[in-house]
Amino acid sequence: MDDCIFCKIVRGEIPCFKVYEDRKVFAFEDINPVSKGHTLVIAKRHSQNLWEIEEEDLTSVQLASKKIALAIKKALDPVGIACMQLNGRGVNQMVMHYHLHLIPRSADEPELTLTSWELRKGDMEAIKKIAERIASAI
Ligand code: AMP
Ligand code: ZN
């Protein structure tokens, strides 16, 4: 995609802090890091999100993310790593090129707000109905 910022990074038209590259995948540091080591893993081939990405690219991103997560563990010794991926403007996807966020948290960093939602007991009947709707759509 000509005007996609992440495609431009893959093509070397915009600088980045690259941490990994293979035939299908590219990974670099987020320039607005939520924490130390916040890394983005993308497929080189453009697709917007989970609804669009080719299975082959999705698999490649997941396999590379394991490699990179292990490297982050080795390099930064975090207490955990959150893997997060946003789909659609309605959940604040800002860059419309599929990317997986690897967000490590070091012991000296504050808790990640995205990993600390409040647990509130749901309505079992409503959950059952929603599950049935989703299952029958698969
Ligand atoms: P999302 O809301 O999931 O679409 O996140 C997009 C992410 O891309 C944000 O965390 C941005 O900080 C990051 N980002 C945007 N432009 C760049 C860039 N040129 N280099 C590295 N990260 C970027
Ligand atoms: Zn793109």
Side-chain angles (χ1 to χ4, degrees):
M1 279 268 286
D2 288 351
D3 58 352
C4 168
I5 189 165
F6 286 180
C7 284
K8 286 183 180 173
I9 286 177
V10 171
R11 291 196 297 266
E13 294 166 13
I14 290 179
C16 75
F17 300 103
K18 182 172 95 174
V19 297
Y20 177 79
E21 180 176 9
D22 64 29
R23 207 163 51 82
K24 295 200 156 292
V25 175
F26 199 92
F28 52 100
E29 293 304 281
D30 195 306
I31 52 169
N32 305 293
V34 171
S35 65
K36 193 171 58 197
H38 182 172
T39 302
L40 302 175
V41 188
I42 69 175
K44 286 182 172 175
R45 175 161 51 181
H46 182 90
S47 66
Q48 287 208 338
N49 49 40
L50 191 58
W51 295 302
E52 268 195 8
I53 190 167
E54 299 278 348
E55 288 185 0
E56 193 188 351
D57 288 342
L58 184 61
T59 304
S60 301
V61 166
Q62 285 299 325
L63 293 177
S65 76
K66 170 157 184 161
K67 230 177 250 182
I68 298 159
L70 283 168
I72 290 173
K73 193 163 184 267
K74 197 168 157 190
L76 305 178
D77 191 28
V79 287
I81 301 180
C83 303
M84 195 185 63
Q85 193 266 314
L86 306 176
N87 298 280
R89 296 271 188 224
V91 292
N92 293 331
Q93 183 181 3
M94 305 304 280
V95 177
M96 304 310 280
H97 178 131
Y98 181 96
H99 53 281
L100 179 65
H101 294 260
L102 299 182
I103 307 178
R105 181 190 159 217
S106 298
D108 62 346
E109 289 178 315
E111 189 165 12
L112 300 170
T113 49
L114 64 101
T115 64
S116 54
W117 61 79
E118 191 188 336
L119 291 184
R120 266 175 288 151
K121 191 157 179 58
D123 173 341
M124 295 305 143
E125 201 46 45
I127 295 170
K128 179 170 178 277
K129 286 202 178 98
I130 293 288
E132 284 165 0
R133 280 174 63 188
I134 297 170
S136 63
I138 289 174

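Counting starts at 1 for both ligands and their atoms, in listed order.
Annotation: angle subtended at the Zn ion (ligand 2) by Cys4 SG and Cys7 SG is 120°, to 10°.
Residues lining ligand 1 at a heavy-atom distance below 4.0 Å are given as Ile5, Phe6, Ile9, Phe28, Glu29, Asp30, Ile31, Asn32, Leu40, Leu86, Asn92, Gln93, Met94, Val95, His99, His101, ordered by chain and residue number.
Here the CG-CD distance, from Leu58 to Gln85, works out to 8.0 Å after rounding to the nearest 0.5 Å.
With hydrogens and angles ignored, the 3.5 Å screen pairs a side-chain donor or acceptor of Glu52 with a backbone N or O of Gln48.
Residues Glu21 and Lys44 are paired through a salt bridge, judged by an N-O separation under 4.0 Å between the basic side chain and the carboxylate. For Lys24 and Glu56, the salt-bridge test passes: some basic side-chain N is under 4.0 Å from an acidic carboxylate O.
With respect to the Zn ion (ligand 2), His97 has ND1 as its nearest N, O or S atom. Looking at His46, its N, O or S atom nearest to the Zn ion (ligand 2) turns out to be ND1.
A distance of 6.0 Å or more separates the ring centres of His99 and His97.
Within the 4.5 Å cutoff, no side-chain heavy atoms of Arg105 are placed close to those of Ile81.
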Which side-chain N or O atoms in residues 119-127 pair as donor and acceptor under 3.5 Å with protein atoms at least two apart or in another chain?
| residue | atom | partner | partner atom | Å |
| --- | --- | --- | --- | --- |
| Asp123 | OD1 | Glu125 | N | 3.0 |
| Asp123 | OD1 | Ala126 | N | 3.2 |

